[in-house]
Amino acid sequence: MKNQKKLALVLSVGLGLNVLAGCTTSEPVFQSATIESGEWVSSLNTDKAAYAPGDKVKFTLTLQEKVKEGSLLIQYKHLDDQVEEQEVTLSDSQEVTWEWTPEKEDFKGYMAEVYVKDGKDVVDHQNIAVDVSSDWSKFPRYGYLADFFEMEEGEQEAIIDKLNRFHLNGIQFYDWQFKHEKPLKMENGEVAQTWPDIANREVSKKTIENYIELAHEKNMKAMNYNLLFGSYENFEEEGVKKEWGIFRDPDMDDQDKHPLPENWASDIYLMDPSNEGWQEHLINAEKEVFDHLDFDGWHVDQLGDRGVLWNGQGKTIDLAQTYVPFLQRAKAELDVDFVMNAVSQYAQGYIASQAPVNFLYSELWDGHTTYDSLKKVIDQNLKYSKGELNTVLAAYMNYDLSNSKGEFNAPGVLLTNSVIFASGGAHLELGENMLSKEYFPHKNLEITDELNDQLTSYYDFTVAYENLLRDGAEEVEKEVSIEGQEVTASPELGALWSFVKKKDKQEIIQLINFTDAASMEWRDNDGSQPEPSVKEELKVTLKTDGDVDKVWTASPDLYEGSAMELEFKQKGDSLQFTLPSIKYWDMVVLEYK
């Protein structure tokens with residue numbers, strides 16, 4: 001259920017048709033009304049996370065109670081332009097479904113704005129985004145699963161339905177495997193029904209198969225997680241040779257390893273990704289996985305910079321340079337999707353420019369602790385890939401707070417997402433729970449209902465406006481001034497941060513509010529980042545590069561993310577307009593003639 005909050009539908013700033021008066025004209029009307037968002041609507045969903053061009057979108061809306069003589073007015077928007085309108089009569093049921101077929105153009109985001117009418121009166125307003133994309137890696141939105149014990153199918157369906165509401169189009173199956181060097185446990189030529197994972201938690205084959213099937217029904221990709229160079233202590237029992245390893249000394253006395261708790265199955269012993277024997281062994285093991293389970297790809301993990309290392313021939317090895325040849329061979333032999341983790345950006349330059357990966361994935365640690373570093377990593381990855389690959393950041397929130405039971409701190413989460421999404425990235429954070437540690441099953445912190453609703457709006461926003469946020473806009477230098485406010489070109493305590501990108505005839509201004517922030521570290525380790533106060537009636541001035549035709553704004557914090565046209569004044573190259581408000585993040589778009 002949506003958090004019940006006062007929602008002023010101010011039609012004079014462009015929320016669309018005069019729905020309050022029951023009118024179907026596009027003429028703007030200077031009136032407003034206040035309704036309770038979520039008072040009538042319990043939930044609003046689509047049947048898939050993304051759609052191929054030409055596919056029908058099926059919507060389901062559930063009401064808190066029946067609406068007498070009710071109807072739905074749905075306005076389908078691409079950015080701030082209405083592309084279609086639809087009216088649906090409400091029956092006696094509290095659940096209503098309808099369909100809509102978007103335009104056949106590929107890689108396009110939409111917002112469906114749904115107004116609930118009781119007679120002629122609008123009593124509720126809810127939005128939901130739609131992504132039309134034939135390839136998930138164009139606009140990757142990545143989630144995870146980490147529990148694979150035997151469970152009821154209904155429980156699995158509820159988890160996938162939840163991830164679908166966030167439009168996640170890819171799911172990382174974390175630590176599902178039996179052993180890193182032998183991910184699939186086989187018995188008498190068949191996949192075993194159960195096996196222990198590395199933490200000695202039980203994994204059910206049936207659960208994995210069902211999750212994959214459920215993900216595919218929602219048009220989500222299922223990605224099989226595994227290291228590219230990990231083995232258990234007894235790796236020789238699986239046909240792995242010690243001389244394939246990487247070592248801390250040239251005499252092979254000290255094999256590099258990643259230590260794990262004593263009650264786990266094993267520490268992880270590291271192998272040389274450039275060794276052809278190891279390549280053949282692990283790629284064949286992965287072939288066995290794809291032969292028996294319907295995974296779509298391999299999420300390849302690493303462990304970051306390991307320092308000075310030697311191979312089995314006693315020669316020093318540059319680990320970063322071994323990843324690309326391994327991935328190229330794996331792609332040629334497996335022909336599946338690939339994503340590779342760049343831990344603290346280790347080897348990302350090689351991965352982005354040479355490896356056959358679908359998008360870039362960066363797990364951020366001590367070298368990237370500030371809000372500014374989030375944007376810099378996303379920008380760096382675009383540069384590495386010559387603008388071809390978008391980025392997902394594995395960025396774990398409230399790390400220290402999650403050492404004990406509690407709740408995620410919403411302001412910390414929302415500020416971090418504001419920076420990541422405004423910069424054009426996505427955030428790996430949502431699965432059965434939300435990530436606070438690198439060990440995904442860790443779940444001491446809960447997502448409050450209010451934060452869940454806020455995150456829903458943020459994910460709707462990043463989908464609806466993906467063509468501005470993640471689709472080739474290039475940054476430009478432009479100073480933005482706001483009367484009575486400090487506006488900075490990089491994130492600073494006590495200021496509004498602004499940066500500007502340009503695409504075709506549009507300039508996209510991002511504004512993020514750090515005026516009340518207590519820290520500029522995105523992780524919000526102890527959960528102390530305060531909720532920002534809302535700033536209203538912001539008088540904005542900036543220089544333009546020509547004649548402006550339209551100014552509009554949208555925010556995940558306001559009006560369910562709906563676009564609102566703004567009045568403006570232009571004199572020469574100076575443009576002025578008033579921004580209604582900002583809480584965490586606002587986007588303003590200038591459209592030139």
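Side-chain polar atoms of Thr391 and Asn381 form a donor-acceptor pair below 3.5 angstrom. Glu286 and Asn224 share a donor-acceptor pair across their side chains, judged by distance under 3.5 Å alone. Donor-acceptor pairing under 3.5 Å is recorded for the side chains of Ser362 and Gln345. In summary, the side chains of Asn444 and Ser404 do not present any donor paired with an acceptor at a separation below 3.5 Å, with no hydrogens or angles considered. Side chains of Asn403 and Lys437: a donor-acceptor N/O pair is present below 3.5 angstrom, by distance only.
The ring of Tyr459 has its center closer than 6.0 angstrom to the ring center of Phe421. A distance below 6.0 Å separates the ring centres of Phe461 and Trp585. For an aromatic pair to be called close, the ring centres must be under 6.0 Å apart, and Trp298 with Phe290 fails this. A centroid separation of 6.0 Å or more is found between the aromatic rings of Tyr174 and Tyr144. Separation of the Phe514 and Tyr371 ring centroids falls under the 6.0 Å cut-off.
Using a cutoff of 4.0 Å between basic side-chain nitrogens and carboxylate oxygens, Asp175 and Arg201 are not scored as salt-bridged. Lys383 has no carboxylate O lying under 4.0 Å from a charged side-chain N of Asp379, or vice versa, which leaves the two without a salt bridge.
Two residues are said to be in side-chain contact when any heavy atoms from C-beta on lie closer than 4.5 Å; Tyr269 and Glu181 fail this criterion. In this structure, the side chains of His180 and Phe229 stay at 4.5 Å or more apart for every pair of heavy atoms. The closest side-chain heavy-atom distance from His427 to Val392 is not below 4.5 Å.
For Tyr110, the ring-ring contact (aromatic ring centres under 6.0 Å, His included) partners at least two apart in sequence or on another chain are His78, Trp100. Residues satisfying the ring-ring contact (aromatic ring centres under 6.0 Å, His included) criterion with His281, sequence neighbours excluded, are Trp278.
Checking each of Phe173, Phe166, Phe359 against Tyr142 for a ring-ring contact (aromatic ring centres under 6.0 Å, His included) leaves exactly one that passes, namely Phe359. A ring-ring contact (aromatic ring centres under 6.0 Å, His included) with Tyr396 is found for exactly one of Trp522, Phe408, Trp365, namely Trp365.
The minimum heavy-atom distance linking Lys257 with Asp267 is given by the pair NZ-OD2, 3.5 Å.
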